[in-house]
2 protein chains.
Amino acid sequence: MQCSSPTKPTGRREARKEERRDAILDVAAQSFLEHGYAGTTMSGIAGTLGGSKGTLWSYFPSKELLFAAVLDRATRAFREEIEVTLNESEDIAPALRTICESLIGKMSSPHGVGLHRLVMGEAKRFPEMGRIFYESAPERTLKILAAHFEKAMASGILAPADPFHAAQYLTSLCTARSHMRLLTGVLDGLSPDEVREQAHRAVELFLRAFAPAD
Amino acid sequence: MQCSSPTKPTGRREARKEERRDAILDVAAQSFLEHGYAGTTMSGIAGTLGGSKGTLWSYFPSKELLFAAVLDRATRAFREEIEVTLNESEDIAPALRTICESLIGKMSSPHGVGLHRLVMGEAKRFPEMGRIFYESAPERTLKILAAHFEKAMASGILAPADPFHAAQYLTSLCTARSHMRLLTGVLDGLSPDEVREQAHRAVELFLRAFAPAD
DNA sequence: GAAAAATCGTACTGTAGAGTACGAAAATGC
DNA sequence: GCATTTTCGTACTCTACAGTACGATTTTTC
């Protein structure tokens with residue numbers, strides 16, 4: 001009757017298994033984001049871990065399932081942060097700038113670039129994965145923005161329009177300057193100053209394009 | 001002395017070789033764009049062609065070289081069309097709409113989507129290729145647009161700004177509504193009406209954002 | 001029609017990598 | 001300490017596919 005945790009009947013082993021699973025996912029994510037699906041080998045992952053192949057397979061019974069797990073965790077990191085409080089004051093510019101900075105920062109990070117390349121490159125082979133990624137990362141951001149835009153449009157701060165489309169235009173303005181070059185490898189990253197400047201400019205153009213008629 | 005063509009010493013064989021080379025590139029492009037680099041097999045290409053592997057290797061001595069040739073031809077198709085005459089009349093909207101329609105049409109076509117996925121997915125494995133693609137397709141379009149914008153800004157039709165950046169913003173507005181969903185496989189293509197509508201909207205927003213100050 | 005070049009068919013080599021098998025060695029629980 | 005679970009190390013199977021070899025057949029040239 002001295003069971004310390006009511007949720008987990010056995011204590012130490014379960015914890016170690018979680019740790020181990022996480023360690024595997026860390027190594028796997030690193031490799032998938034760096035080298036793509038085909039360029040990643042299970043043997044390589046096992047080697048980097050220092051463990052044996054049998055152990056790896058006992059956690060993830062196939063490469064595809066490991067890949068799915070990596071993707072799930074990688075997009076979770078994206079979707080768990082965009083919540084920024086847009087209060088309904090008259091001046092939405094600063095709040096939008098903050099959101100855009102965060103967005104540009106994420107998309108231009110090695111992790112963001114690798115994730116985009118991976119998802120797009122494998123969208124044909126793993127159609128489910130493309131949909132899951134879209135819904136859990138970009139669409140979520142767009143919906144949050146759209147909800148705020150809807151209110152801003154109702155109160156006349158922005159010109160009336162489809163708020164979801166407006167969100168698409170804003171995020172697109174954010175990525176306009178660097179996304180293509182980052183994904184093709186022509187650019188290697190952005191400095192914090194560049195991130196700030198591009199966010200500032202995106203918001204400026206957006207507000208001008210969606211300014212309410214006088 | 002009855003050599004018909006002065007440029008080609010032997011006539012018939014050379015022509016057939018060109019044809020054959022093109023046929024190989026057709027099949028290979030189809031497969032690379034559809035299944036990606038790793039998903040494409042040389043044996044499969046030879047099989048589809050109906051020819052033998054020896055013949056295939058006599059044209060392209062390795063998979064990588066075949067891939068490079070496919071990429072080169074695929075981007076050529078892109079770069080050989082964007083030249084639209086933007087005359088310097090006061091109203092640039094119709095000309096921009098034409099360009100944007102063409103751009104959106106290309107990027108949303110199966111060919112365009114496949115090419116983007118391919119280049120981005122393999123940018124890490126073939127860094128040269130990413131650069132070549134960027135320079136021969138998107139950058140070329142941007143430069144053409146930028147040249148026109150520079151004049152339009154000088155004559156006061158557009159607000160003064162960095163013309164290259166302006167071109168990036170316009171193309172980004174063009175792709176804002178569909179590019180992400182197309183690349184992730186959530187969307188499967190655009191109807192001509194959608195292409196037209198998105199081009200129209202992109203130009204409208206662009207001109208509002210870059211309208212000269214009164 | 002004969003020589004030369006290209007193509008075909010097919011069998012082969014070599015390698016890489018996914019997934020399996022299994023006994024030995026730790027770690028964990030009680 | 002003893003049983004159980006997990007991990008390790010290593011060797012193995014199987015399959016896919018890039019690239020080679022080569023003699024037989026067709027096509028082109030003159």
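Atoms considered below: every heavy atom in the structure, side chains included; atoms not considered: hydrogens, waters and symmetry mates. Here is the naming used below: chain letters follow the sequence lines, and residue numbers restart at 1 for every chain.
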**OP:** Measure from CG on Leu56(B) to P on dA6(C) and round the result to the nearest Å.
**Re:** 16 Å
Original post:
Under 4.0 Å between a Lys/Arg side-chain N and an Asp/Glu carboxylate O for Arg208(A) and Glu204(A)?
Top reply: yes
**OP:** Would you kindly give the CG-to-P distance between Leu66(A) and dG19(C), to the nearest whole Å?
**Re:** 10 Å
Original post:
Roughly, in whole Å, what's the span from CD in Glu19(A) to P in dT6(D)?
Top reply: 15 Å
Original post:
Has Thr55(A) got a side-chain N or O lying under 4.0 Å from the OP1 or OP2 atom of dC8(D)?
Top reply: yes
Original post:
Quick one: is Tyr59(A) getting a side-chain N or O under 4.0 Å of the dT7(D) phosphate, OP1 or OP2?
Top reply: yes
Original post:
Ignoring hydrogens and geometry, is there a side-chain-to-backbone donor-acceptor pair from Thr171(B) to Ala167(B) under 3.5 Å?
Top reply: yes
**OP:** Can you tell me the distance, in whole Å, between the CG atom of Leu65(B) and the P atom of dA18(D)?
**Re:** 14 Å
**OP:** Measure from the side-chain heavy atoms of Lys17(B) and tell me the nearest of dG19(C), dA18(D), dA6(C).
**Re:** dA6(C)
**OP:** Determine which bases of DNA chain C form Watson-Crick or G-U wobble pairs with both distances under 3.5 Å, and write the result as a 5' to 3' dot-bracket string with | for other-strand partners.
**Re:** ||||||||||||||||||||||||||||||
Original post:
Between atom CD1 in Ile45(B) and atom P in dG19(D), what is the gap in whole Å?
Top reply: 11 Å
Subject >> Residues touching DNA chain C, which here means a heavy atom under 4.0 Å, drawn from residues 32-42 of chain B >> reply: none
Original post:
Who are the ring-ring contact (aromatic ring centres under 6.0 Å, His included) partners of His165(A), not counting sequence neighbours?
Top reply: none
**OP:** Using modelled atom types only, decide if a donor and an acceptor are shared between the side chain of Thr40(A) and the backbone of Ser31(A) within a distance under 3.5 Å.
**Re:** yes
**OP:** Quick one: which residue pairs count as a salt bridge (Lys or Arg N to Asp or Glu O under 4.0 Å) with a foot in residues 59-68 of chain B, not counting sequence neighbours?
**Re:** none
**OP:** Between dG19(C), dC8(D), dA18(D), spot the one nearest the side chain of Ser52(A), thanks.
**Re:** dC8(D)
Original post:
Side-chain N or O of Arg16(B) less than 4.0 angstrom from OP1 or OP2 on dT28(D)?
Top reply: yes
Subject >> Protein-nucleotide distance (Ile24(B), atom CD1; dA6(C), atom C1'), rounded to Å >> reply: 12 Å
Original post:
Is any side-chain N or O of Lys53(B) under 3.5 Å from a base N or O of dG19(D), one able to act as donor and the other as acceptor?
Top reply: yes
Subject >> Contacts of type side-chain contact (heavy atoms from CB on, under 4.5 Å), residue Asp193(A), not counting sequence neighbours >> reply: Ser191(A), Arg196(A)
**OP:** Would you mind classifying the nucleic acid contact of Gly50(A) as base, sugar-phosphate or nothing, using non-hydrogen atoms under 4.0 angstrom?
**Re:** sugar-phosphate
Subject >> Which residues share a ring-ring contact (aromatic ring centres under 6.0 Å, His included) with Phe126(B), sequence neighbours left out >> reply: Tyr37(B), Phe67(B)
Subject >> Between CG on residue Leu183(A) and NE2 on residue His116(A), distance to nearest 0.5 Å >> reply: 7.0 Å
**OP:** May I ask you to check whether Tyr169(B) and Phe149(B) place their ring centres under 6.0 Å from each other?
**Re:** no
Original post:
Does the side chain of Arg20(A) get closer than 4.0 angstrom to OP1 or OP2 of dC8(D) through an N or O atom?
Top reply: yes
Subject >> Residue whose nearest DNA chain D nucleotide is more 5′ - Gly54(A) or Ser58(A) >> reply: Ser58(A)
Subject >> d(CD, Glu18(A); P, dT6(D)) in whole Å >> reply: 13 Å
Subject >> Ionic contact status for Arg21(B) with Glu18(B), cut-off 4.0 Å >> reply: no
Original post:
Atom CH2 of Trp57(A) to atom P of dC12(D): distance rounded to whole Å?
Top reply: 18 Å
